[in-house]
Student: 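This is the structure I want to talk about, given as C-alpha cells.
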Amino acid sequence: MELFIKKRKWLRFFLGGLSLFLFLSVISAAGFSYYLYSKIEERFASRRWSVPTIVFSSTVPIYRGQPLSLDRLRRMLEERRYTEAPTAPVLAGQFMTSGSVLTVNLRVFPFPGMDMPSRLVQFNFTGNRISDIVSSNQELPLLELEPVELARLYGPKRESRILVDIRQVPENLIDAVLAIEDRRFYEHGAVDPRGILRAMFADLRAGRIVQGGSTITQQLVKNCFLKPERTFHRKLVEFSMSLILNGLYTKEDILEMYLNEIFMGRNGSVAIHGIGEAALYYFGRNVEDLTLTQSALLAGMIRAPNFYSPLINRAASLARRNEVLERMLALGMISPSEYNSALVEVLRLVPAQDSAQLAPYFVDYVRMQAQVLYDPRRLSSAGLNIYTTLQPEMAAAARKAIREGLADTENEAAEGDGSSASAPEHLQAALIALRPATGELYALVGGKDYGRGGFDRVLDGHYQAGSAILPFIYLSALDRSKLSDWLMDLPTPYQIGGISWTPTNTDGVYRGRVSFRQALEQSLNAATVNLAAQTGANAIIATLERAGMEPPPESLPALALGAFDVTPMQLARAYASLAGGGKIPFLHSLKEVVAEDGKIIDRRHIGFSSVTSAAKAFLITNILEGSVDRGSADGVKQRGIDFECAGQTGTTIGSGGAWFIGYTPDLLTVVWVGREDNKPGVAIGRKGAEKVWARFMGLVRPWIQPGRFDAPPDVVKEMICPQTGLEASPSCPDPSPEYFLSTNKPAGDGKS
C-alpha cells in the first residue's frame, strides 16, 4: 500500500512537472512567436527599406529650330542611359538613327506635377539644327527631355534601390524568378517539402550543392533578418518567421517584398538591391520595359549576383540566362518560338556611370541645403527625390570650358618666353551660371579639379572685387548723373591715411574729359574715383549692401576700385539685379522635394529684394553692352561671341586674379580666373577669364535664346550732340542716340 501511494505521488509530481513544462513551453513559444511577429511587423508594416535620396537635374528643353546636332542629341540620350536599338521596333529606353533622323522611345519618368509619358519620338535634322519633332503623327514645337541623375545620398549600409509595385513587374520577369527560384510558390505554404527533397536529390547526384530548397518566403526572411550561418537555431527561426510572414501577407505582397529586397550586385561600394534598381543599372530600362531575355538574365543572377553579373562574367551570365529560359520552356511559361527568339537576342548593357562627376560642386551645395531642411536619417534612407535647377548640358559645358580655357591660357603663358617653366602652376578658376529672372542655378563649378580637396571657390573663395565693382559705383551715381554727363579722367591725387595717392588707368593713359558712358565702357579708374568722390561713400556702400555685398568702411578711393573681397556667388547675385530689372533674386538650387509616395513635400519659391529701379538697371546694362562692343570687354567678341550681351571685366590690384561677368536676358555667367598664391599675373587672369566665359557661352548656345534688353517705360531715347552732351540741335554735326531716365533728360543746346 505504501508503495502504491509513493507511485501515485511520483506520478502526480511527474504529471505536474510535465504540465508546468508544457505550459512554460507554450508560453515561451507564444512569446517567441510574438517576438518574431513584432520584428516582421516592424520591418514590413510600412515597407521600411533603406532607399537613398536621389538628386536629379532639371529637365532639358528640345525644340524645333534648335541649333543642336544629331550626334549631340545622341550623346545626351546615352548620358541618360538610353541604348541603341539593333533593329526595329525601338523599345522604351532605346533609340535608332538613320541618316538625318533619330528615333527614340522615351521612358516613363515621374516628374513633380506631371508624369513624362513613354512615347515614340522622331527628330529630323537639317545640318546641325532640329527641323521637326514628330510623335504620333503630330508635330511638337517643344519637348522636355528627362532629367539626369546627379547623385544618391546613401545611408550607412550604402544600399541603392528603386521600389517597384508588383503591378509594374512584367509577367515574364515574375515567371522567370519563380521558374528558377521557387516554381511552386503559389502552391505551397511558407516551406516546400517537395522542393527540399528535390534539391537534396539533385545535390546528391551532382556531388555538390546545385539547387537550394528554400522558398522565396524563406529567402526573404534570410535576407531581411538572419545572418548567413548554418545552425539549428537559425533554421528554426527561419522556419518560424516564414510561417508567420506567410500568414500575415498575401503571396503578391511577399513576392513584391522579395523583388525589392534581393541583392543584385555592386556598383563600386554601393550595393544594388531590388529588381527595379537592377533593371536601370544593367539595362538602363524601367522594370516594366524589360524584355524576356533581360528578365531571364536578372532572374538568373539572384543565386550569385556577383558571379553571374554580365558586367563581370558575361559567359556565366549568358549560360545562366539560358538555363532560366529552358526552365521556363519546360514549365510551359513561354512558347518554343519565344524561347528561340530570347536565345538570340543581343545582350546590350549600359556602361556604368559615375553621375556624381557631372556636377560635384553643385551636388555638395544641394547636400548642404538639404541637410539644413531634413534629418540626416530621413535624407539617406526615406527615398526622397530632389529635383534641382541644374541644367546638365550647361554643367558639362562649364567643366569643359574651364579645363580647355585654362589649358590654352597656360600654353600661351608658356610660349610667352619660350619655356614651359613660365606656365602659371597655380592657375585656378570658378564659374557660376544662373537665370537672372528667377535665380535658378544652371551650373556651378568651384575649381578645375574637384578631386584635389573639393574646395568650392564659388561659395568659399574670397577674391578682390577690383573693377568688377565699377557698374555699382555708376549705378549709385544715377540719382544725380546722366549717361551723357562729363567726367574728368585726370590724375587727381587723394589723401589716404596721410599719404597722397593718384589713381591710374590700366593702360596708363588719361583721356581728359569723357562721358559717363565712356568711363564705364572703358573701365577708367581715374574717372571712376572722381565720380565716386562726387557721389559719396554712403550712397555707394548702400548700393553695394542692397546688392548683397559687404564692403568694409574703407577709404572712398579704395572702395571705388573694389579693394575688398567678394565671393563669385555674391558677385553673381549682384549682377543678377542688373540683368533682372533691378530685383536681386534668392539664388536657389532646389525646385521640389518629392516623397517616396510621389507627394511634393517641399517646393522652393522665387524670392526677390529690390536693389534699384528697372530703369536704372537698364541704363547700366546698356552701357555694359557697349563695353562688349567697343570697350574693356570687347575681347569676347574676338572669341566668337556673335550675339548681344552685356559684360564687365574685373582686374584686381597687385594679384593674379581677374573676373569676367557677362549676361544675356536669360543667362548670367560669372567667371573668376587667377593664381591663388596671389602672385602677379593680371594679364594672364584676364585673358583666362575671357577665354573660359567665351568658351562656355559658345558651348551652351543651343540652350539659350539671347535677345535684346528692352527699355522699361520710364526710359527714353533722345538724340544728343556728343560734343556737348546736350540735346542735339539742328546745327549738331553728328547727333547720336542716348538713353535717359524720363525724369532726368538732357537740356537743349544753350540751355542751363
Side-chain angles (χ1 to χ4, degrees), residues 53-61 111-114 144 147-151 153 356 358-374 378-379 384-395 397-398 430-446 456-461 546-550 566-595 599-611 617 661 663-671 696 700 703-704:
T53 289
I54 304 179
V55 181
F56 290 101
S57 73
S58 180
T59 58
V60 176
F111 199 70
M114 66 172 183
E144 295 283 338
V148 171
E149 181 182 312
L150 300 177
L153 311 182
L358 175 64
Y361 291 102
F362 183 88
V363 169
D364 283 350
Y365 183 53
V366 169
R367 183 184 287 110
M368 179 181 69
Q369 289 186 305
Q371 287 172 345
V372 173
L373 297 172
Y374 303 103
R378 185 182 187 193
L379 196 60
L384 303 179
N385 285 342
I386 297 178
Y387 295 91
T388 71
T389 60
L390 182 121
Q391 287 285 350
E393 276 59 50
M394 289 192 182
L431 184 152
I432 178 172
L434 57 97
R435 185 181 180 190
T438 61
E440 296 173 83
L441 294 177
Y442 286 162
L444 188 157
V445 181
D456 192 337
R457 292 159 187 83
V458 170
L459 300 178
D460 304 317
R546 287 198 303 272
M549 290 176 278
E550 301 172 0
V566 294
T567 67
M569 179 74 90
Q570 289 175 322
L571 208 55
R573 288 193 72 216
Y575 272 85
S577 70
L578 299 179
K583 303 288 187 182
I584 185 169
F586 170 75
L587 304 190
H588 61 284
S589 63
L590 304 181
K591 280 187 174 179
E592 294 96 3
V593 180
V594 180
K599 292 181 180 178
I600 297 175
I601 59 176
D602 193 15
R603 174 173 277 149
R604 299 286 94 182
H605 297 286
I606 299 172
F608 298 93
S609 61
S610 180
V611 173
I661 305 98
Y663 55 95
T664 65
D666 62 342
L667 182 66
L668 182 147
T669 305
V670 174
V671 174
F696 173 74
V700 303
W703 317 110
I704 61 175

Student: Minimum heavy-atom separation for Ala430 to Arg457, with atom names?
Tutor: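 The pair with the smallest heavy-atom distance is CB-CB, 3.8 Å.
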Student: Run the numbers on Leu153 and Arg367 for side chain to side chain contact (heavy atoms under 4.5 Å, CB included), then give the verdict.
Tutor: CA-CA 8 Å; Leu153 311 182; Arg367 183 184 287 110; 3.4 Å; yes
Student: Testing Asn385, Ile386, Ile600 one by one against Val593 for a side-chain contact (heavy atoms from CB on, under 4.5 Å), which residue passes?
Tutor: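 Of Asn385, Ile386, Ile600, side-chain contact (heavy atoms from CB on, under 4.5 Å) with Val593 is met by Ile386 alone.
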Student: So which pairs with a foot in residues 433-442 pass salt bridge (Lys or Arg N to Asp or Glu O under 4.0 Å), sequence neighbours left out?
Tutor: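 Listed by first then second residue: Arg435-Glu440, Glu440-Lys591.
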Student: What donor-acceptor contacts under 3.5 angstrom involve side-chain atoms of residues 568-584, with partners at least two apart or in another chain?
Tutor:
unit_1, atom_1, unit_2, atom_2, d
Gln570, OE1, Thr567, N, 3.0
Arg573, NE, Pro585, O, 3.3
Arg573, NH2, Pro585, O, 3.4
Tyr575, OH, Ala468, O, 2.5
Ser577, OG, Ala574, O, 2.5

Student: Can you see which heavy atom on Ile601 is nearest to which on Ala595, and at what distance?
Tutor: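 So the minimum-distance heavy-atom pair works out to CG2-CB, 3.9 Å.
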Student: Could you pull out the closest heavy-atom pair between Arg546 and Ser610, with the gap in Å?
Tutor: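 Nearest pair, atom of Arg546 first, then Ser610: CD-O, 4.0 Å.
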Student: Can you tell if the side chain of Phe696 reaches within under 4.5 Å of the side chain of Val671, non-hydrogen atoms only?
Tutor: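 Counting from C-beta outward, Phe696 and Val671 never come under 4.5 Å.
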Student: Distance from Leu667 atom CG to Tyr442 atom OH, nearest 0.5 Å?
Tutor: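 OH of Tyr442 is found 7.5 Å from CG of Leu667.
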Student: Taking atom CG of Leu431 and atom CE of Met394, what is their separation to the nearest 0.5 Å?
Tutor: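 The distance works out to 11.0 Å.
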Student: Say whether Ser589 and Gln369, considering side chains only, have a donor N or O and an acceptor N or O under 3.5 Å apart.
Tutor: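 Yes - a donor-acceptor pair under 3.5 Å links their side chains.
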Student: Quick one: salt bridge (Lys or Arg N to Asp or Glu O under 4.0 Å) partners of Asp602, sequence neighbours excluded?
Tutor: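 With neighbours one apart ignored, the set is Arg604.
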Student: Closest heavy-atom contact between Leu441 and Tyr365?
Tutor: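 It is CD1-CE2, 3.4 Å.
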Student: Apply side chain to side chain contact (heavy atoms under 4.5 Å, CB included) to Thr389 and Ser58, showing your working.
Tutor: CA-CA 5 Å; Thr389 60; Ser58 180; 5.6 Å; no
Student: Would a 4.5 Å heavy-atom cut-off, applied to side chains only, mark Gln391 and Val60 as touching?
Tutor: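 Heavy-atom side-chain distance check passes, below 4.5 Å.
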Student: Would you name the heavy atoms of Thr388 and Phe56 that are closest together and state the gap between them?
Tutor: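 Here Thr388 and Phe56 meet closest at OG1-O, 2.6 Å.
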Student: Atom CD1 of Ile661 and atom CG of Leu668: how far apart are they, to the nearest 0.5 Å?
Tutor: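 Taking CD1 in Ile661 and CG in Leu668, the distance rounds to 8.5 Å.
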Student: What's the separation between atom CG in Leu459 and atom CG in Leu444, rounded to the nearest 0.5 Å?
Tutor: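 Between atom CG of Leu459 and atom CG of Leu444 there are 5.5 Å.
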Student: Taking all non-hydrogen atoms of both residues, which atom of Trp703 and which atom of Pro61 are closest, and how far apart?
Tutor: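 Shortest heavy-atom separation between Trp703 and Pro61 comes out as CZ3-O, 3.6 Å.
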Student: How long is the straight-line distance from OH of Tyr387 back to CG of Leu590, given to the nearest 0.5 Å?
Tutor: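 These two atoms lie 13.0 Å from each other.
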Student: Between atom OH of Tyr374 and atom CG of Leu384, what is the distance when rounded to the nearest 0.5 Å?
Tutor: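 Result: 7.0 Å between the selected atoms.
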Student: Could you tell me how the ring of His588 sits relative to the ring of Phe586: parallel (under 30°), tilted (30 to 60°) or perpendicular (over 60°)?
Tutor: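 Judged by the thresholds at 30° and 60°, the geometry between His588 and Phe586 is parallel.
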Student: Below 4.5 Å, heavy atoms only, C-beta onward: do Asp364 and Asp456 meet side chain to side chain?
Tutor: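 Asp364 does not reach Asp456 side chain to side chain.
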